[in-house]
Amino acid sequence: MSAPAPVVREDEPSIAALLAARPHLAMHAMDGLVLEGVPLMRIAEVLGTPAWVYSAGTMRSRLAALTAAMRGLAGVHYAVKANDHLAVLRLMAAGGAGADVVSEGELRRARLAGIAAGDIVFSGVGKSAREIRLAIAEDIRQINVESAEELEVVSALAAGLGRRARVALRINPDVDAGTHAKITTGTAQTKFGIPFAEAAAVYARAAELPGVEPVGLALHIGSQILSAAPYRAAFARAAELVWTLRARGLAVQRMDCGGGLGIGYRDEGDASAAALAGAIRASFGGLDLELIVEPGRWLVGPAGVLLAEVVGMKGGRIVVLDAAMNDLVRPAMYDAWHGIVPLVGRNAQAATAPVDVVGPVCESSDTFARGRGLPMTRPGAYVALLDAGAYGAVMSSTYNGRPLAPIAMVDGDRWAVIRDRQLHAEMWAGERVPDFLA
Ligand code: LLP
């Protein structure tokens with residue numbers, strides 16, 4: 001029995017619709033798909049594929065738009081995990097953003113890129129003693145404490161260094177962000193934050209400890225959130241807690257409202273920064289708090305593409321690319337939908353045929369799209385996977401012995417390589433065969 005032929009979903013957005021929603025991308029008759037002012041074909045030919053390309057102008061304008069939406073309300077701290085490349089961090093720093101980091105590596109990257117320690121918050125569910133000590137030594141803006149246990153550890157480490165660390169308590173508001181189960185973080189079942197019912201007691205404890213100064217609260221309910229409703233629910237609970245704490249004589253100066261703003265991968269449209277600002281204002285507006293937000297995806301996701309070449313066809317219904325789940329894992333991991341657009345204009349107009357688009361890795365989950373109406377595509381043709389600027393290169397691995405792909409950055413009509421393709425020998429450079437195998 002042969003496999004059923006892929007069927008194109010009728011509500012699938014057309015390539016024209018995908019491009020219309022992404023002003024940084026355009027299909028030119030001669031140059032094919034152009035990012036800002038640079039034909040992507042040119043970069044594919046120089047760097048080979050797979051290769052990532054980031055649009056500096058898009059990241060810059062998105063940061064400016066978000067900052068404008070938050071003006072006079074909240075500071076923007078870029079969530080480094082979304083895309084931690086030094087050039088991206090440099091661009092965020094130049095645009096006035098602080099950083100939200102979750103590891104020593106991210107903290108060091110942010111500092112290296114020129115983000116001031118006083119503009120860095122440290123989140124994360126399992127900070128090591130070494131990481132906490134570094135955060136204290138650097139005198140960062142605040143450590144977002146995840147649990148009653150971690151609070152004791154931070155206080156002891158800071159006291160040992162003769163310091164008092166500014167901490168915010170990350171609360172778990174038990175609100176469902178209405179996103180994919182693997183990226184929801186604000187319900188009671190998840191590992192994140194201090195249970196809402198215990199938060200006031202932990203805050204009071206923090207006020208008594210010698211090594212910490214509790215400066216406020218933090219929350220982050222999940223990622224790829226498209227509606228303001230879960231934010232409103234979570235912020236309302238946090239505001240209630242601010243009142244409770246203040247009524248007990250505890251000082252609460254700051255609120256970290258988290259990240260999570262979603263983007264339109266398919267045809268959902270971007271989450272509205274203005275709606276997030278409205279939700280923040282509604283709950284915290286009158287509370288005389290220093291507010292911050294820590295978005296990642298919204299700032300950088302739409303600005304990146306992953307270029308790939310078609311290496312083969314199988315039976316006219318499966319298109320095999322040279323990019324794989326080790327490069328972009330989001331479809332395999334979260335069933336994520338990413339637009340796929342040919343780099344050559346004439347292909348973009350050709351009749352579409354329903355195909356499955358896969359990578360060469362030996363796993364069924366190495367599938368980028370099913371039943372996609374992709375204009376045809378023969379071996380040697382290039383395509384761009386869209387919206388790969390967030391949680392793309394940062395989540396890559398060398399699975400199946402595949403080197404990390406190179407990265408280019410476009411800015412207007414200039415472009416530069418910002419990371420070389422990893423050499424095969426670099427993949428095993430740190431490995432040793434022990435003597436007992438000699
Ligand atoms: N703040 C904290 C504490 C976080 O854990 C995260 C993301 C953010 C901010 C930024 O969230 P964003 O604005 O980017 O949604 N790899 C997944 C997403 C994981 C998000 C993890 N935490 C994906 O590819 O969809």
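Start at 1 and go down the list; that is how both ligands and their atoms are numbered.
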What class does the angle between the rings of F235 and F284 fall in, given that below 30° is parallel, 30 to 60° is tilted and above 60° is perpendicular? tilted

Enumerate, one pair per line, all nitrogen or oxygen atoms of ligand 1 lying under 3.5 Å from a protein nitrogen or oxygen, stating the separation to 0.1 Å; write 'none' if no such pair exists.
residue: ligand 1; atom: 1 (N); partner: D100; partner atom: OD2; Å: 3.4
residue: ligand 1; atom: 1 (N); partner: E294; partner atom: OE2; Å: 2.6
residue: ligand 1; atom: 5 (O); partner: K81; partner atom: NZ; Å: 3.3
residue: ligand 1; atom: 13 (O); partner: G260; partner atom: N; Å: 2.8
residue: ligand 1; atom: 13 (O); partner: G296; partner atom: N; Å: 2.8
residue: ligand 1; atom: 14 (O); partner: G296; partner atom: N; Å: 3.4
residue: ligand 1; atom: 14 (O); partner: R297; partner atom: N; Å: 2.8
residue: ligand 1; atom: 14 (O); partner: Y391; partner atom: OH; Å: 2.6
residue: ligand 1; atom: 15 (O); partner: S223; partner atom: OG; Å: 2.4
residue: ligand 1; atom: 15 (O); partner: G260; partner atom: N; Å: 3.3
residue: ligand 1; atom: 16 (N); partner: Y334; partner atom: OH; Å: 2.8
residue: ligand 1; atom: 24 (O); partner: R330; partner atom: NE; Å: 2.6
residue: ligand 1; atom: 25 (O); partner: R297; partner atom: NH1; Å: 3.2
residue: ligand 1; atom: 25 (O); partner: R297; partner atom: NH2; Å: 2.8
residue: ligand 1; atom: 25 (O); partner: R330; partner atom: NE; Å: 3.4
residue: ligand 1; atom: 25 (O); partner: R330; partner atom: NH2; Å: 3.0

Can you tell whether the side chains of D356 and K314 come within less than 4.0 Å, N to carboxylate O? no

Ring-ring centroid check F368 H338, cutoff 6.0 Å: no

Does a salt bridge link D139 with R166, judged by any charged N lying under 4.0 Å from a carboxylate O? yes

Could you walk me through whether F192 and H220 pass the ring-ring contact (aromatic ring centres under 6.0 Å, His included) test, one step at a time? CA-CA 9 Å; F192 298 98; H220 172 76; 7.8 Å; no

Qualifying residue, where the test is side-chain contact (heavy atoms from CB on, under 4.5 Å) with D366 and the options are V329, V361, L321: V361

